[in-house]
Amino acid sequence: MSVLQCGRFKLQLDRPHVMGIVNVTPDSFSDGGRYDSVARAVAHAERLVADGADILDIGGESTRPGATPVSVDEETRRVVPVLAALQSLNVPLSVDTRRPAVMRAALETGIDLINDVAALEEDGALALVARSKAAVCLMHKQGDPQSMQREPTYEDVCAEVCTYLAARRDAALASGIAHERILLDPGFGFGKTLAHNTALFQGLAGLQVRLGCALLIGVSRKTMLGQLTGRPVGERLPASLAAALLAAQAGVRVIRVHDVRETVDALRIWAALK
Ligand SMILES: Nc1nc2ncc(COP(=O)(O)OP(=O)(O)O)nc2c(=O)[nH]1
């Protein structure tokens, strides 16, 4: 795949794109509470764009392990004003939600991508997105945030994640979502042990070939990086950059990060010297 038809935008996927995270939540695992007002979220988003973000991903519900679900009304209240305020930035806007009602409200503001950690499994989600022009990211998870890290178990994590993502890709295609609007994501940390995450990461290139769709990944500041380095969540920038470069090397075309400026610089070096 060389193009992502992303709402108002057509992204040429001939290079890795940086998706900047804007968590409008009080409890996100690494930046909860920092951007939990419209003004602070908008200011942060504007800075991420100035730092080189290709896409902005606005989320109103933490999906970290153990997170408490947020009501649809509260999640909508958090993200819609921010999305509306960001329309003028002229950069692809994504909403990170699994709720069709939140998707609908976000689409009405004119967003360009639905980032759904539940891969449009909720009733009505597929048809809703199919009627839009937005791109979609379909992510794999095993279980739900409240319990997914209790005992994640697979026979063959790469094969099972690939099979699931292929099925969700086919469901999206069957609902009328064109191939050029689909991103797939193995869901690092969503019902996976370190061994599962490692196997999935090492299998990224093969996953992309087997699925025939561009991949999006999110490992920024995540627990797997802490397990490998012993660093607390606030000290995982070097590990996050290393993982972003390895993902780029594997052909991943959208990398979801908190630290946009540093990731953009690292990818510039990678592009120039690889
Ligand atoms: N497609 C996709 N979306 C995601 N959304 C949230 C998180 C969790 O990270 P973050 O948003 O930083 O934390 P929280 O869920 O606590 O807000 N990870 C992913 C991911 O890996 N892939």
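Atoms within a ligand are numbered from 1 in the order they appear, just like the ligands themselves.
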Q: Tell me: protein heavy atom nearest atom 22 (N) of ligand 1, and distance?
A: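 Here the closest protein heavy atom is Asp185 OD2, 2.6 Å.
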
Q: Are any of the N/O atoms in Lys222 less than 3.5 Å from those in ligand 1?
A: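 In this structure, Lys222 places an N or O atom under 3.5 Å from an N or O of ligand 1.
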
Q: Write out the residue and atom name of the closest protein heavy atom to atom 3 (N) of ligand 1, then the distance separating them to 0.1 Å.
A: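 Ranked first by proximity to atom 3 (N) of ligand 1 is Asn115 ND2, 3.1 Å.
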
Q: Does ligand 1 come near enough to Phe29 that some N or O of the ligand is less than 3.5 Å from an N or O of the residue?
A: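 For ligand 1, there is an N or O atom that lies under 3.5 Å from one belonging to Phe29.
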
Q: Among all protein heavy atoms in this structure, tell me which lies nearest to atom 12 (O) of ligand 1, with the distance rounded to 0.1 Å.
A: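 Minimum-distance protein heavy atom for atom 12 (O) of ligand 1 reads His258 NE2, 2.7 Å.
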
Q: Enumerate the atoms of ligand 1 whose separation from the nearest heavy atom of Gly218 is less than 4.0 angstrom.
A: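 Near Gly218, meaning under 4.0 Å from one of its heavy atoms, ligand 1 has 21 (O).
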
Q: Looking only at distances, please establish whether an N/O atom of ligand 1 is found under 3.5 Å from an N/O atom of Ser62.
A: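 Min N/O separation from ligand 1 is below 3.5 Å for Ser62.
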
Q: Ignoring hydrogens, just give me the one of Val219, Leu138, Asp96 whose non-hydrogen atom is nearest atom 6 (C) of ligand 1.
A: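 The residue whose heavy atom sits nearest atom 6 (C) of ligand 1 is Asp96.
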
Q: What about the rings of His140 and Phe190, do their centers lie closer together than 6.0 Å?
A: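 Distance test on ring centres: not under 6.0 Å, no.
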
Q: Any chance you could lay out the salt bridge (charged side-chain N to carboxylate O under 4.0 Å, His left out) test for Asp265 and Arg268, step after step, and finish with the verdict?
A: CA-CA 5 Å; Asp265 281 358; Arg268 281 180 180 146; 3.5 Å; yes

Q: Considering heavy atoms of the protein only, find what lies nearest to atom 17 (O) of ligand 1 and give residue, atom and distance to 0.1 Å.
A: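 Result: Ser28 OG, 2.5 Å.
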
Q: Should one rank Arg256, Arg64, Lys141 by closest heavy-atom distance to atom 11 (O) of ligand 1, which comes out on top?
A: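 Nearest heavy atom to atom 11 (O) of ligand 1 lies in Arg256.
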
